[in-house]
2 protein chains.
Amino acid sequence: MGVIRNTKSVQLVTEFFNSTKEAIGVVDLVEKFSEQMNKSTIYRILDRLEDEGKVHAFLGVNGLKHYAKCKDCSHTEHVDVHPHFQCTSCGKVECVSYEISIPKLPNKNIAQAQLLLTGTCERCTS
Amino acid sequence: MGVIRNTKSVQLVTEFFNSTKEAIGVVDLVEKFSEQMNKSTIYRILDRLEDEGKVHAFLGVNGLKHYAKCKDCSHTEHVDVHPHFQCTSCGKVECVSYEISIPKLPNKNIAQAQLLLTGTCERCTS
DNA sequence: TTTTTAATGCAACTCAGTTGCAAAAATAAA
DNA sequence: TTTATTTTTGCAACTGAGTTGCATTAAAAA
């Protein structure tokens with residue numbers, strides 16, 4: 001497993017994630033960088049960044065893949081235990097700093113919990 | 001909005017959901033009934049049953065649509081506040097009877113919470 | 001500067017889910 | 001029951017997210 005190469009495309013994507021705390025859907029990212037790089041390239045870069053723990057992935061309400069770099073990321077290995085919030089009005093998606101309490105289920109071994117909260121964000125809640 | 005018609009296909013799908021407490025992915029359901037009915041028919045029947053509150057829908061770990069009929073269903077209007085569990089070993093998916101505690105977020109209005117638990121089920125946890 | 005290895009672009013593909021439309025089956029009306 | 005009305009179905013074609021093989025290009029190592 002070689003080190004991730006510092007290509008122009010990798011720099012662009014990395015810079016983007018450093019510039020925002022919000023999460024972004026891959027589709028939007030592909031659109032955003034459509035002039036700069038290929039769709040496949042984005043998917044592959046995101047895979048690599050996730051492997052490295054630089055960003056973390058999760059699914060939005062529609063089942064679309066989203067990525068974000070939050071302060072939990074790059075704690076050596078990212079364990080995704082925080083919820084995500086998606087605004088049904090403006091579409092904004094973000095990580096929520098809140099530790100999920102994982103319910104104990106008899107005779108089951110729960111390894112992971114994914115909590116997705118939907119509603120209206122501060123801007124859209126008038 | 002007319003009443004849902006009692007066709008052969010609707011009966012089959014309904015009977016299936018009455019026969020199990022487990023959830024099932026649409027893809028699996030399409031496969032299961034591939035001899036009896038068309039893919040589109042299944043998708044449309046599930047839409048209707050969901051509208052009627054007879055079953056409820058949610059997304060599995062892979063983002064694939066799943067349906068289940070649990071005791072919460074058909075309480076007039078189904079509010080999906082219970083978590084779902086997906087076994088990473090045998091693939092079984094089921095509803096979990098456990099009320100999610102929805103975190104309050106400052107200035108946000110949270111309308112819904114979707115919690116997906118993954119791990120190993122009683123049978124696969126040796 | 002050359003060699004090695006990883007990353008990219010592209011086009012073609014997979015697979016879940018959707019849609020338009022004509023034909024068939026339910027229900028309602030007569 | 002028979003006819004008229006409305007919903008449902010099958011089919012085939014489509015959409016859109018995500019993947020893949022492969023030749024070319026660009027990084028990093030030698």
Side-chain angles (χ1 to χ4, degrees), chain A residues 1-17 23-68 80 84 86 91 93 114 116, chain B residues 1-17 23-68 80 84 86 91 93 114 116:
Chain A
M1 195 200 97
V3 174
I4 188 170
R5 287 193 177 179
N6 191 29
T7 66
K8 198 81 189 168
S9 297
V10 168
Q11 285 169 28
L12 284 171
V13 174
T14 302
E15 280 163 22
F16 171 79
F17 280 108
I24 188 170
V26 182
V27 174
D28 296 328
L29 208 57
V30 167
E31 168 61 24
K32 182 179 178 65
F33 287 120
S34 61
E35 306 287 308
Q36 283 76 40
M37 67 195 86
N38 188 272
K39 182 182 160 181
S40 316
T41 302
I42 299 212
Y43 277 98
R44 292 192 271 225
I45 288 178
L46 291 171
D47 276 350
R48 275 178 267 147
L49 291 179
E50 191 188 1
D51 282 349
E52 302 255 318
K54 303 271 180 62
V55 297
H56 68 279
F58 61 96
L59 301 180
V61 270
N62 35 29
L64 297 190
K65 206 164 191 182
H66 284 66
Y67 284 88
D80 193 18
H84 295 97
Q86 184 159 5
V93 182
Q114 293 163 51
L116 181 60
Chain B
M1 196 202 96
V3 174
I4 188 168
R5 287 193 177 178
N6 191 29
T7 65
K8 199 80 189 166
S9 298
V10 169
Q11 285 169 29
L12 284 171
V13 174
T14 302
E15 279 164 20
F16 171 79
F17 280 109
I24 188 169
V26 182
V27 176
D28 296 329
L29 208 55
V30 168
E31 168 62 25
K32 181 179 180 64
F33 287 119
S34 60
E35 306 286 309
Q36 283 74 39
M37 66 194 87
N38 188 271
K39 183 181 160 181
S40 317
T41 302
I42 298 212
Y43 278 97
R44 293 191 270 225
I45 288 177
L46 292 172
D47 277 350
R48 274 178 268 148
L49 292 178
E50 190 188 2
D51 282 350
E52 303 255 318
K54 302 271 180 60
V55 298
H56 68 279
F58 61 95
L59 302 179
V61 272
N62 35 30
L64 297 191
K65 207 163 191 183
H66 284 67
Y67 284 89
D80 193 18
H84 295 96
Q86 183 158 6
V93 181
Q114 293 164 51
L116 181 61

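Keep in mind the model is a prediction, meaning the values are calculated, not measured. Only this structure's heavy atoms are used, side chains among them; waters, hydrogens and symmetry mates stay out.
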Problem set entry | From A/Leu29 atom CG to A/Leu46 atom CG, the distance as rounded to the nearest 0.5 Å | 5.5 Å
Exercise. Whole Å only: how far is the CD atom of A/Gln36 from the P atom of C/dT8?
Worked result: 13 Å
Problem set entry | Rounded distance in Å - CD (A/Glu31) to P (D/dA17) | 11 Å
Problem set entry | Bend angle of the helix from C/dT1-D/dA30 to C/dA30-D/dT1, end axes from five pairs each (to 10°) | 30°
Problem set entry | Interface with DNA chain C, restricted to residues 39-46 of chain B and to heavy atoms under 4.0 Å | B/Lys39, B/Ser40, B/Tyr43, B/Arg44
Exercise. Going by the angle between their ring planes, with limits at 30° and 60°, are B/Tyr67 and B/Phe17 parallel, tilted or perpendicular?
Worked result: perpendicular
Exercise. Just how far is it from atom NZ of B/Lys65 to atom CG of B/Leu59, taken to the nearest 0.5 Å?
Worked result: 7.5 Å
Exercise. Would A/His84 and A/His56 satisfy side-chain contact (heavy atoms from CB on, under 4.5 Å), going step by step from the backbone distance to the final call?
Worked result: CA-CA 11 Å; A/His84 295 97; A/His56 68 279; 3.1 Å; yes
Problem set entry | Euclidean distance, A/Ile4 CD1 relative to A/Glu52 CD, rounded to 0.5 Å | 5.0 Å
Exercise. A/Asn38 has an atom CG; how far is it from atom C1' of C/dC13, in whole Å?
Worked result: 14 Å
Problem set entry | Residues which pass side-chain contact (heavy atoms from CB on, under 4.5 Å) with B/Arg5, listed by chain and number, not counting sequence neighbours | B/Thr7
Problem set entry | Atom-to-atom span, NE2 of A/His66 to P of D/dA17 - whole angstrom | 11 Å
Exercise. Out of D/dA17, C/dT8, D/dG10, which has the shortest distance to the side chain of B/Met37?
Worked result: D/dG10
Problem set entry | Value in whole Å for how far the P atom of C/dG17 lies from OH of B/Tyr67 | 9 Å
Seminar exercise, completed: Between the CG atom in B/Asp47 and the CD1 atom in B/Ile42, the distance rounded to the nearest 0.5 Å is 12.0 Å
For this session: Using whole Å, report how far CG of A/Asp47 lies from P of C/dA7.
Result: 11 Å
Tabulate atom names and distances for all N/O pairs under 3.5 angstrom spanning the protein and nucleotides 27-30 of chain D.
from   : atom 1 : to     : atom 2 : distance (Å)
D/dA27 : N3     : A/Arg5 : NH1    : 3.0
D/dA28 : OP1    : A/Asn6 : N      : 3.2

Problem set entry | A/Leu12 CG - C/dG9 P separation (whole Å) | 11 Å
Exercise. Among pairs that include at least one residue of residues 23-39 of chain A, which meet side chain to side chain donor-acceptor pair (under 3.5 Å), considering only residues two or more places apart or in two chains?
Worked result: A/Asn38-A/Ser40
For this session: Applying side-chain contact (heavy atoms from CB on, under 4.5 Å), name anything that partners A/Thr14, two or more places apart in sequence or on another chain.
Result: A/Val10, A/Asn18, A/Leu49
Exercise. Which of parallel (below 30°), tilted (30 to 60°) and perpendicular (above 60°) describes B/Phe16 and B/Phe33?
Worked result: perpendicular
Exercise. Whole-Å distance between D/dT8 P and B/Phe33 CZ?
Worked result: 18 Å
Seminar exercise, completed: Heavy atoms of B/Tyr43 and B/Val30 approach each other most closely as CE1-CG2, 4.2 Å
